[in-house]
Amino acid sequence: MRTKNALYAGLCTLFMLTSAMCCDEDASEGIIELTGIKLEQYDNSGAHPVSIENGLCPKEAYLICITPIADYYYSINTLKSPIIAFRILTLTDFNKDYPAGSDVYNLFKEYPPMLLGENLSGYSLSSDCLEKGQPITTLDQGAFYKVLLTYPQPGTYQFRIELETEDGAILAEETEVNLY
């Protein structure tokens, strides 16, 4: 009986030592340099956002996805040059207060990741700390989701999304949508 207990104690000790000393292979950390951004547009009028395929979206349901692009991603990505500015410029007249060329970033709000649904929930970045006045220094593998808070007049709108980094680089992409 005593040898049996000693054997179990030894096996338990061996198990605890090996499990405590194993490293998580997925927890890699690295410094990345952003090379661009990718934009996707979503219709948020249903239970979960769906991709806009024909360029048409209800004006009260416009959601834009901004994905920073790098050559390689780690589990924890520290930016070589932090993001210091995030702009959403309208290339068409948005309304009387926002003519073409205006920054309409304040008309968009960060979309809560829990509302993205199963298809997109694993791809949301942590909060946009620029809204709190701090640069973005780390990124997960994912994207920023911004929902339009105001209802513009129906029509075709063009936006230019820019991420500016601390070293002066501006990563930009343009998109067009017909809001009805």
Side-chain angles (χ1 to χ4, degrees), residues 26 32-77 79 82-95 97-132 136-165 169-180:
D26 293 338
I32 64 167
E33 186 170 358
L34 298 179
T35 58
I37 58 174
K38 177 183 168 193
L39 303 178
E40 294 178 68
Q41 301 176 97
Y42 292 92
D43 177 346
N44 191 33
S45 60
H48 299 290
V50 293
S51 185
I52 296 174
E53 308 238 348
N54 56 3
L56 298 172
C57 181
K59 62 184 178 182
E60 60 278 350
Y62 183 62
L63 176 69
I64 190 163
C65 168
I66 301 109
T67 307
I69 299 171
D71 290 333
Y72 186 80
Y73 288 100
Y74 300 91
S75 296
I76 302 168
N77 301 290
L79 294 176
I83 298 170
I84 59 168
F86 197 142
R87 291 182 284 276
I88 301 176
L89 304 171
T90 179
L91 301 178
T92 53
D93 290 338
F94 192 76
N95 61 27
D97 296 328
Y98 296 98
S102 299
D103 188 353
V104 293
Y105 178 80
N106 62 338
L107 300 180
F108 287 81
K109 178 79 174 149
E110 186 176 343
Y111 194 76
M114 66 185 146
L115 299 177
L116 290 172
E118 292 178 11
N119 295 342
L120 304 173
S121 63
Y123 297 100
S124 180
L125 292 170
S126 52
S127 67
D128 177 1
C129 56
L130 289 174
E131 292 177 354
K132 300 172 187 139
I136 299 171
T137 58
T138 59
L139 295 175
D140 295 333
Q141 294 181 25
F144 296 100
Y145 289 87
K146 301 288 184 179
V147 64
L148 184 60
L149 295 176
T150 187
Y151 304 147
Q153 293 295 316
T156 301
Y157 294 91
Q158 293 177 316
F159 298 105
R160 177 181 170 90
I161 288 73
E162 296 181 349
L163 296 180
E164 183 178 352
T165 59
I170 295 178
L171 309 168
E173 194 68 38
E174 294 180 9
T175 190
E176 181 176 285
V177 64
N178 188 337
L179 300 175
Y180 62 90

(message) As a quick check of understanding, evaluate side-chain contact (heavy atoms from CB on, under 4.5 Å) for Leu179 and Leu148, giving each step before the final call.
(response) CA-CA 11 Å; Leu179 300 175; Leu148 184 60; 4.2 Å; yes
To the nearest 0.5 Å, how far apart are [atom1] in [X] and [atom2] in [Y]?
X      : Y      : atom1 : atom2 : answer
Leu63  : Phe108 : CG    : CZ    : 9.5 Å
Asn178 : Thr156 : CG    : OG1   : 4.0 Å
Leu79  : Thr138 : CG    : OG1   : 7.0 Å
Leu171 : Ile83  : CG    : CD1   : 7.5 Å
Gln153 : Asp93  : CD    : CG    : 12.5 Å
Glu60  : Tyr151 : CD    : OH    : 6.0 Å

(request) From the options Tyr62, Tyr111, Tyr105, select the one residue that forms a side chain to side chain donor-acceptor pair (under 3.5 Å) with Lys146. (result)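 Result: among Tyr62, Tyr111, Tyr105, Tyr105 is the only option passing the side chain to side chain donor-acceptor pair (under 3.5 Å) with Lys146.
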(message) Just to verify, which of Gln41, Arg160, Glu40, Gln158 counts as forming a side chain to side chain donor-acceptor pair (under 3.5 Å) with Thr175?
(response)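 Testing Thr175 for a side chain to side chain donor-acceptor pair (under 3.5 Å) against Gln41, Arg160, Glu40, Gln158 leaves exactly one candidate, Gln41.
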Shortest non-hydrogen separation from [X] to [Y] and the atoms involved:
X      : Y      : result
Leu163 : Pro68  : CD1-CG, 4.4 Å
Pro154 : Lys59  : CD-NZ, 4.0 Å
Thr67  : Ala143 : OG1-CB, 3.3 Å
Phe86  : Ile66  : CZ-CD1, 3.8 Å
Pro49  : Asn44  : CG-OD1, 3.6 Å
Ile161 : Leu39  : CD1-CD1, 3.9 Å

(request) For the residue pair Tyr42 and Tyr145, categorise the inter-ring angle as parallel (less than 30°), tilted (30 to 60°) or perpendicular (more than 60°). (result)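 Judged by the thresholds at 30° and 60°, the geometry between Tyr42 and Tyr145 is tilted.
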(request) Give the ring-plane orientation class for Tyr74 versus Tyr72, where under 30° counts as parallel, over 60° as perpendicular and anything between as tilted. (result)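 Because their plane-to-plane angle is over 60°, the rings of Tyr74 and Tyr72 count as perpendicular.
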(message) Quick one, Tyr157 and Pro152 - any side-chain contact, counting heavy atoms below 4.5 Å?
(response)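 The answer is yes; the side chains approach within 4.5 Å.
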(message) Taking Cys57's backbone N and O only, do any of them form a donor-acceptor pair with Asp43's side chain (distance below 3.5 Å, no angle check)?
(response)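 Checking the backbone N and O of Cys57 against the side chain of Asp43, no donor-acceptor pair under 3.5 Å is found.
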(message) Assess the residue pair Phe144 and Leu139 against the criterion (side-chain contact (heavy atoms from CB on, under 4.5 Å)); give the C-alpha distance rounded to whole Å, side-chain angles, the decisive distance to 0.1 Å, and a yes or no.
(response) CA-CA 10 Å; Phe144 296 100; Leu139 295 175; 4.1 Å; yes
(message) Is there a side-chain contact (heavy atoms from CB on, under 4.5 Å) between Arg87 and Ile170? Walk through the geometry before answering.
(response) CA-CA 10 Å; Arg87 291 182 284 276; Ile170 295 178; 3.8 Å; yes
